[in-house]
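Since the structure comes first, as structure tokens, the remarks are kept for the end.
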Amino acid sequence: MEGRASTFKKVLADFESRLHSAEFVAIDTELTGVDLQGEPDTFEESAQMRLEKNCRIAERYTLIQLGLTIVGRAGEAGEGHLSCASYNLFAFPYVGPELLGREPPGFFCQASALQFNAQHRVNFNTWIRDGIPYMSREDEELYLKSSSATEDVNHDDKVGLLRLWKALCAARLPFVVHCPLDLFFLLAAFEKRPLPRNDPRAVAMMIRNCTPKVFDTAHLHGALGRFKRLGLVKFFEDAKACYDELAGDGGKTVPPVEFRLEGETAERYSDTDDNLAHEAGFDSLITAKLFAYLRAISPARVREAANRLFLYRSVEYLDLDLAAKEGKVGTCMFDTSRVTLLVAELDTPDNSDAARLIASAGAVYKWMDSMHILVVFRASGGAAVRKAADLAAKVHGVVSWMGFDEWRAAQVSGSGKEAGPAVKTAFTPACWDQAAPSCNHADETEASPSCSTEQETEAAPSCDREQEAEVTVAP
């Protein structure tokens, strides 16, 4: 169901009617920008630095479309039959004189982000002219304190999408996203800005007030450890193929999973069409189906991954439970009581021979940049020292080996940045969470491994997100 300002009352009524029987809601957004010029994600950044960066990105840009898919049990159809109702909502910040003491709403755009959305048939006239207005809870509180608010019969129209957000949060449903940036944009749009970027506990509690749990399918990509392609559509295709393979033996190893698309969702999204990719409503439906398959394939791993958010180019993830409890947000995806992380500095850029020799020696590796490879092998303590020496003797083309924490501290010291703490480790088996390019929705061409195979030792080369020019959009 498409939502505009002119149809919002109908959309809101339909949305609210489905919340009581829902199991979870999947979320996707289309945005005016996704990164900061001159600040690419790097392994030297701590999880706290990434948290702060995600907050700044969400405050700098804004929503174009908000996609939501409500997933519930399909009536009397039986276990594993899921109903899906998807909403593709154009969102534009409310502009008016009521927010006294506030600067008029404004935001930045990245030129390539606008081009990307235009190539995927986003109608910018609809967005600006008929986008559903919204303000944050904080702005609404300010508005309600004004003398004119008590007599304003248009209050509901002015707060707009905030009404839907409040209904969603009140339903206490788990959120499912594909990468955490969508979540930060929703907080900046509907809760408050600036976000408490330097207070992980405050961010975690803000999220907890909106949902009891967040599941990030990008984090699940590594937590399950049997998939290679991370782009949303390709990951979905691989997860479905894996599920179908496991269900082929009479469904003995996985529970049934079938989908029933409701109402306008069936009319709009019944046929998987490349032309629909990057429409937020469609992508939220793909995210919902992907999560349902992953939950069926490995329910225990999925349960354990609640409130853990993916970080691109990092050995950490954002741990919302840890942040709420201790005020620390980063947890290492590896159990460093069992594995050792080394950084190999190469003698020449993109030395594939060194990477091949590392893999031949039985270690997992990840390209950090053209001159550095992150190496992971199963050993710790004295055994790690001996194994590292053996690895160094076998691998040519490496000018130095360094422990990861030591390397990161040196990089941060050299750049003048404030050093973050050594990564807090998770004492559970952790899979390689970064064996694919960044978790944008681009389609990777790399073939995925069979569902039954173990994760491959060679990780895909990293791929920077292109830095994009910015233009300012007046309110």
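Every heavy atom of this structure was used, including side-chain atoms; hydrogens, water molecules and symmetry mates were not.
Shown are K158, K145, H155, R163; of these, the side chain to side chain contact (heavy atoms under 4.5 Å, CB included) with E140 is made only by H155. Remark: of the listed residues R208, K213, R308, R208 is the sole one forming a salt bridge (Lys or Arg N to Asp or Glu O under 4.0 Å) with D321.
One N or O on the side chain of S46 and one on the backbone of M49 form a donor-acceptor pair closer than 3.5 Å. Using a distance-only test at 3.5 Å, with no hydrogens or angles considered, a donor-acceptor pair links the side chain of H178 to the main chain of L230. Side chain of Y243 to backbone of V257: a donor-acceptor contact under 3.5 angstrom is found. Remark: side-chain polar atoms of T32 are paired, donor with acceptor, to backbone N or O of T62 under 3.5 angstrom. Counting only distance, with no hydrogens or angles, the side chain of R73 and the backbone of L82 share no donor-acceptor pair below 3.5 Å. The backbone N or O of L285 sits less than 3.5 Å from a side-chain atom of T69, completing a donor-acceptor pair. Between the S270 side chain and the A266 main chain, a donor and an acceptor come within less than 3.5 Å of each other. Of the possible polar contacts, one joining the Q110 side chain to the D35 backbone as a donor-acceptor pair under 3.5 Å is found. With S314 contributing its side chain and L311 its backbone, the two residues share no donor-acceptor pair below 3.5 Å. Proximity of a side-chain donor or acceptor of D216 to a complementary backbone N or O of C179 within less than 3.5 Å is detected.
You'll find the side chain of M205 reaches within 4.5 Å of the side chain of R201, heavy atoms only. For the pair L36 and I57, the minimum side-chain heavy-atom distance is below 4.5 Å. Within the 4.5 Å cutoff, no side-chain heavy atoms of K166 are placed close to those of F190. The shortest distance between side-chain heavy atoms of L290 and F235 falls below 4.5 Å. Contact of the F282 side chain with the N88 side chain is not registered, since no non-hydrogen atoms from C-beta on lie closer than 4.5 Å. Put simply, the side chain of V159 does not reach to within 4.5 Å of the side chain of Y94, judged on heavy atoms. Contact check for M1 versus S86: no side-chain heavy atoms found under the 4.5 Å cut-off. With contacts defined as side-chain heavy-atom distances shorter than 4.5 Å, the pair V34/Y61 does not qualify.
At a cut-off of 3.5 Å, with distance as the only test, no side-chain donor of D28 or T287 sits close to an acceptor on the other residue. W127 and Q65 share no donor-acceptor pair across their side chains, judged by distance under 3.5 Å alone. There is a side-chain donor-acceptor pair under 3.5 Å between E279 and Y269. Residues D14 and Y87 have side chains that bring a donor and an acceptor to within less than 3.5 angstrom of each other.
In K240, the NZ atom is not crowded: 12 or fewer heavy atoms of neighbouring residues, nucleotides or ligands sit closer than 6.0 Å.
By the 4.0 Å N-to-carboxylate-O rule, E45 lies too far from R408 to be salt-bridged with it. A salt bridge links R137 with E191: at least one charged nitrogen is closer than 4.0 Å to a carboxylate oxygen. Contact check on D139 versus K192 returns no salt bridge, with no Lys/Arg side-chain nitrogen under 4.0 Å from an Asp/Glu carboxylate oxygen. Using a cut-off of 4.0 Å between Lys/Arg side-chain N and Asp/Glu carboxylate O, E2 and R4 are scored as salt-bridged. Electrostatic pairing of K228 and D238 does not count as a salt bridge here, judged by no charged N lying under 4.0 Å from a carboxylate O. Comment: R50 does not engage E316 in a salt bridge, judged by the lack of any side-chain N to carboxylate O separation of less than 4.0 angstrom.
Closest approach of A296 to V254, counting heavy atoms only: O-CG1, 3.7 Å. In terms of heavy atoms, A22 sits closest to L173 at O-CD2, 3.5 Å. The shortest heavy-atom contact between F124 and N117 is CZ-CB, 3.9 Å. Minimum interatomic distance between L195 and A188 (heavy atoms only, all atoms of both residues): CD2-N, 4.0 Å. V329 and P200 get closest at one heavy-atom pair: CB-CB, 3.9 Å. Shown here for D157 and P133, the closest heavy-atom pair between the two residues is O-CG, 3.2 Å.
Within the 6.0 Å centre-distance limit, the rings of H372 and W407 are counted as a close aromatic pair. Ring to ring, F215 and F291 are close: their centroids are under 6.0 angstrom apart. For F116 and H278, the ring centers sit closer than 6.0 Å to each other. Remark: aromatic rings of F227 and F236 are distant, center separation not under 6.0 Å.
In this structure, the separation between CG on L89 and OH on Y134 is 12.0 Å, given to the nearest 0.5 Å. Rounding to the nearest 0.5 Å gives a distance of 10.5 Å between NZ of K325 and CG of D319. Atom CG of residue L220 and atom CG of residue L294 lie 5.5 Å apart, to the nearest 0.5 angstrom. Atom CG of L114 and atom CD of Q119 lie 11.0 Å apart (nearest 0.5 Å). A distance of 9.0 Å separates CD1 in I64 from CZ in F90, rounded to the nearest 0.5 Å. Here L181 contributes atom CG and T29 contributes atom OG1; the two are 6.5 Å apart, rounded to the nearest 0.5 Å.
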Report task. Output, in order, the C-alpha distance, side-chain angles, deciding distance and verdict of side chain to side chain contact (heavy atoms under 4.5 Å, CB included) for C84 and R260. Result -> CA-CA 6 Å; C84 299; R260 186 179 76 191; over 6 Å; no
Query - Check against side chain to side chain contact (heavy atoms under 4.5 Å, CB included), C55 and F184 - result: CA-CA 6 Å; C55 290; F184 286 93; 4.0 Å; yes
Report task. Before giving the answer on salt bridge (Lys or Arg N to Asp or Glu O under 4.0 Å), spell out for R295 and E23 the whole-Å C-alpha distance, their side-chain angles and the decisive distance to 0.1 Å. Result -> CA-CA 13 Å; R295 186 175 62 173; E23 287 191 6; 3.3 Å; yes
Requested in this report: Dump the intermediate steps for side chain to side chain contact (heavy atoms under 4.5 Å, CB included) on L318 and F310, then the final yes or no.
Outcome: CA-CA 7 Å; L318 296 179; F310 173 88; over 6 Å; no
**Report entry** Chi angles and distances behind the side chain to side chain contact (heavy atoms under 4.5 Å, CB included) call for L183, I27
**Finding:** CA-CA 8 Å; L183 182 60; I27 299 170; 5.7 Å; no
Requested in this report: Kindly determine whether R313 and D369 satisfy salt bridge (Lys or Arg N to Asp or Glu O under 4.0 Å), including the steps that lead there.
Outcome: CA-CA 10 Å; R313 285 196 166 190; D369 55 45; over 6 Å; no
